[in-house]
Amino acid sequence: MPDPEVPVLSADEMAFLLTWDGTIWRDVVRLRLGQMTTIGRSATNRIVLQDDACSRNHCEVFHSGGEWRVRDLGSRNGTNINAHRVSGDAVIESGDVIGIGDCRLAFTNSLESPQIPPPDIATPGDHVTSATATAVSTGLEPSILHRTTMPEFLTTNNGQRPDANYASELTKLYRLGLEMGAARTRQQLTEVVLTNLARETAVSISAILLAGQDASPQPGPADLQVVAYDSRKDQAYRRVSDNLSRIVLSKREAILARDVGDHSQLSFFDSLGELKAVSVICAPIVSLDRVLGLIHLYSTNPDNPLDKHDLEFTLAVSNQLAVSLLLLQERDSLQTGLTQARHENRTLRAQLTEEQKLIGETSSVIDLRERLTLIAETDASVLIRGESGCGKELIARSIHQQSPRCNGPFVCVNCAALNESLLESELFGHEKGAFTGAIERKIGRFEQADGGTLFLDEVGEMSPAIQAKFLRVLEGAAFERIGGRKPIPVNVRIVAATNRDLEEAVEDGDFRKDLYFRLQVAEITASPLRERRDDIELLANAFLQKFVRKIGRVIKGFTPDAMELLKNYKWPGNVRELQNTIERTVILCRNELIRATDIQLSSLGSRASAPAMDRSEMGEYRELSMADVEEEHILATLEYTGWNKSKASQILGIERSTLDRKLKRYHVSKPLTD
């Protein structure tokens, strides 16, 4: 079997001249490296022009110094490139048009997309080169020897065993299918087809003409463009007549015409002399209800003309080519969409990185950035501690974006937002029918994060049962979906965050000690905003610019009083509260500068804590453990707030859920009121 790989020529190695017939760029002459292509009125030239303004030996086209050039040979009327007169040698590039009298020749490196506009001719169509001249149409149909819409060797044979010809033709088509399947571009695909047609038929010159993607499902001859051609003797390609093309395209049948030279509609002169085609084949390239183009073959050898067998084989090849062209078009479309999606993904990632970068110039933030850089390079598990709203998720995203897993997924799970059964399903997934309501298979967050990072927020709220299964996955063991039996291995980096005292939870038996040590490979503490007040101005301005762009307000900044107010506030909700405050202020502000009166702060930050006792009022010293002191202080705070647990947890600086756990441990409940 021949090698299916088709060599791809570079732009310097591939070049063509197209001839203008007054309507379209019609015929094609291939230019070769190391070969001089002469143009003139004399029959000894490779391209013969029948124009009185053309000298016998007018000009020549050749390749030199890595460039294609045109050299005027001292012609009487000169040679133009894009309407500019040239003398001596002139470099030509793809898309340039050579003008000789009223004749126009376009230079291109590609037949697939030459993108050459019509030439500027005073009376287009009045002057036609001999290389493009076909006889004037008489409106009569050409003499046709055979026409078919289905190769005979592919039709049923009344249940009889296929003959040797059938098997031979199928073998050829099978081999061709393999070679076409290996083609990666339309150029490679068309060259494979023409090479096989040259091997299996009596063709002298062959070409493939295709309609553009925007053409109608029933294109006309003028809609077809030569995308590839082949010649055994390196002869120029003469485009099939419009009459014959119109018949093939409209009736969607392959046609064989013989003794073409005797018919005025199909006869033509070869640019190298008086050789006439003795037979021609035109086969449509049809897919479903759309005509994609046609295959054109002709033979100039009277002793070996094209025959019916060549016609049927060409039609079978055109059917395969139609399928391959559509598949190639779909693949290119998918590739284009994938490239666009990747570009958008990179753009969104860059925007996300810019919007979620760590802002601050205090020593704690600088140390945090340095620590993140060191940790991100590894694949170690990370435990992030800090109060609610101080940016633990932002830190986790920064670790992911700086790590080798940055192109993988970043998946978040809030362990405090789901009960035990829902959290297990969320983390590990479930199979259809695993429990009531499981109407379809669900992929868990571990699988979604494969190859990337899984961020577990509020990991301290995870139940003991989930902790055990979770620990097995961290230790490299595969897991199973709920209701499933198939082990699922994953490669995930774990970044966990909590504002809970995990050491205390371990002592109380609420958190597994082995899981605690497994998570605490690398530990980061996020400082609360009140401990880095110098960063408040930077953060406030960054949030202001963000929400001004988002909401569309014209606000230039803060007044000194407004900024002083922000700096003096305690920010119990940390950076999250600052961000929400700035957004609320931008929405309500009507001025170009934000004033102190425009800022609405929460009363939590200014609320006085429980009054501190004077040492003289403390009484005598009592021997109390820290647990006893904590219990007394919690009860005193609850009494102070009227057993409002939300207010008490704010004063104590702990989460409401942590306060509930401590009360449960102390066996304390709200006293009954009368």
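Positions are given from 1, in the same order as the sequence printed here.
L539 places none of its side-chain heavy atoms less than 4.5 Å from the side chain of I582. Taking the side chain as every heavy atom from C-beta outward, V492 and I494 approach each other to under 4.5 Å. Counting heavy atoms from C-beta outward, L374 and E370 have side chains that stay 4.5 Å or more apart. With a 4.5 Å cut-off on side-chain heavy atoms, C589 and I594 count as touching. Under the 4.5 Å side-chain criterion, counting only non-hydrogen atoms from C-beta, L578 is not in contact with Y569. Counting only heavy atoms from C-beta outward, the side chains of V413 and D457 never approach each other to under 4.5 Å. Between L593 and I555 there is no side-chain heavy-atom pair separated by less than 4.5 Å. Residues L189 and L328 meet the side-chain proximity criterion, which asks for heavy atoms closer than 4.5 Å.
Residue A540 comes nearest to M563 through the heavy atom pair CB-CE, 4.3 Å, listed as atom of the first residue, atom of the second, then distance. Taking both residues in full, the closest heavy atoms of R472 and A478 are given as NH2-O, 4.3 Å, listed atom of the first, atom of the second, then distance. Annotation for L358 and R369: closest pair O-NH2, 3.1 Å, computed over non-hydrogen atoms. Nearest heavy atom pair, residue L566 against residue W571, reads O-NE1, 2.8 Å. Across all their heavy atoms, L502 and G460 have their closest contact at CD2-CA, 3.9 Å. When all heavy atoms of G360 and V365 are compared, the pair lying nearest together is O-CG1, 3.6 Å.
Expressed to the nearest 0.5 Å, how far CG of L544 lies from CZ of F558 amounts to 4.5 Å. Put simply, CD on Q329 and CG on L292 are 8.0 Å apart, with the number rounded to the nearest 0.5 Å. To the nearest 0.5 Å, atoms OG (S381) and CG (L519) are separated by 6.5 Å. Q448 contributes atom CD, which lies 8.0 Å from atom CD1 of I443 (distance to the nearest 0.5 angstrom). We find the NZ-CG distance between K664 and L659 to be 14.0 Å, quoted to the nearest 0.5 Å. Separating the CD atom in Q467 from the CG atom in L515 is a distance of 5.5 Å, to the nearest 0.5 Å.
By the 6.0 Å contact criterion, CZ on R665 is enclosed, its count of non-hydrogen atoms from other residues, nucleotides or ligands being greater than 12. Within a 6.0 Å sphere centred on CD of E93, heavy atoms belonging to other residues, nucleotides or ligands number 12 at most.
With salt bridges taken as basic N to acidic carboxylate O contacts below 4.0 Å, none links E577 and K570. Residues R590 and D598 are not paired through a salt bridge, judged by the lack of any N-O separation under 4.0 Å between the basic side chain and the carboxylate. One finds no salt bridge joining R549 and E583 here, because no Lys/Arg side-chain nitrogen approaches an Asp/Glu carboxylate oxygen to under 4.0 Å. In this structure, K645 pairs ionically with D660, as a charged nitrogen and a carboxylate oxygen lie closer than 4.0 Å. A salt bridge links E461 with R661: at least one charged nitrogen is closer than 4.0 Å to a carboxylate oxygen. We find that R385 and E523 are joined by a salt bridge, their nearest charged nitrogen and carboxylate oxygen being less than 4.0 Å apart. Between K567 and D534 no salt bridge is recorded (no basic side-chain N to carboxylate O distance below 4.0 Å).
Put simply, the side chain of T658 never gets that close to the backbone of I654: no donor and acceptor are under 3.5 Å apart. Counting only distance, with no hydrogens or angles, the side chain of T641 and the backbone of K647 share no donor-acceptor pair below 3.5 Å. No donor-acceptor distance shorter than 3.5 angstrom exists from the side chain of S287 to the backbone of R290, with no hydrogens or angles considered. Judged by distance alone, with hydrogens and angles left aside, the side-chain atoms of K392 form a donor-acceptor pair with the main-chain N or O of G386 at under 3.5 Å. In terms of modelled atom types and a separation under 3.5 Å, the side chain of R405 and the main chain of G452 share a donor-acceptor contact. For D508 (side chain) and D510 (main-chain N/O), no donor-acceptor pair under 3.5 Å exists by modelled atom type.
Under the side chain to side chain contact (heavy atoms under 4.5 Å, CB included) rule, H400 has a single partner from I395, T453, V495, L454, which is T453.
Taking the six-membered ring where the residue is Trp, F455 and F410 present parallel rings, their angle staying beneath 30° rather than reaching 60°. A tilted orientation is assigned to the rings of F543 and F547, their planes being inclined by 30° to 60°.
With 3.5 Å as the limit, one finds no donor-acceptor pair spanning the side chains of R553 and N591. Between N574 and E387, the side chains place a donor N or O and an acceptor N or O closer than 3.5 Å (distance only, hydrogens not considered). Judged by distance alone, the side chains of T362 and D535 do bring a donor and an acceptor atom under 3.5 Å apart.
Sorted by first and then second residue, the ring pair (Phe, Tyr, Trp, His ring centres under 6.0 Å) pairs involving residues 486-537 (not counting sequence neighbours) form an empty list. Pairs of residues two or more places apart, or lying in two chains, that qualify as salt bridge (Lys or Arg N to Asp or Glu O under 4.0 Å) and include a residue from residues 476-494 are E431-R481, E447-R481.
Both tests pass for K469 against the ring of F428: distance under 6.0 Å to the centre and angle within 45° of the axis.
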* side-chain contact (heavy atoms from CB on, under 4.5 Å) evaluation trace for L529 with R533 -> CA-CA 6 Å; L529 187 56; R533 293 183 179 276; over 6 Å; no

* **Stepwise side-chain contact (heavy atoms from CB on, under 4.5 Å) check, Y666 with L635** => CA-CA 10 Å; Y666 299 144; L635 290 175; over 6 Å; no

* CA sep, side-chain torsions, deciding dist, call: E458, N499, side-chain contact (heavy atoms from CB on, under 4.5 Å) -> CA-CA 7 Å; E458 302 295 347; N499 56 17; 3.4 Å; yes

* Check the pair E440, K432 against salt bridge (Lys or Arg N to Asp or Glu O under 4.0 Å), reporting the backbone distance first and the verdict last. => CA-CA 4 Å; E440 60 183 10; K432 181 179 179 180; over 6 Å; no

* Apply side-chain contact (heavy atoms from CB on, under 4.5 Å) to the pair L423 and S463, showing each step before the final yes or no. => CA-CA 9 Å; L423 180 58; S463 69; 5.8 Å; no

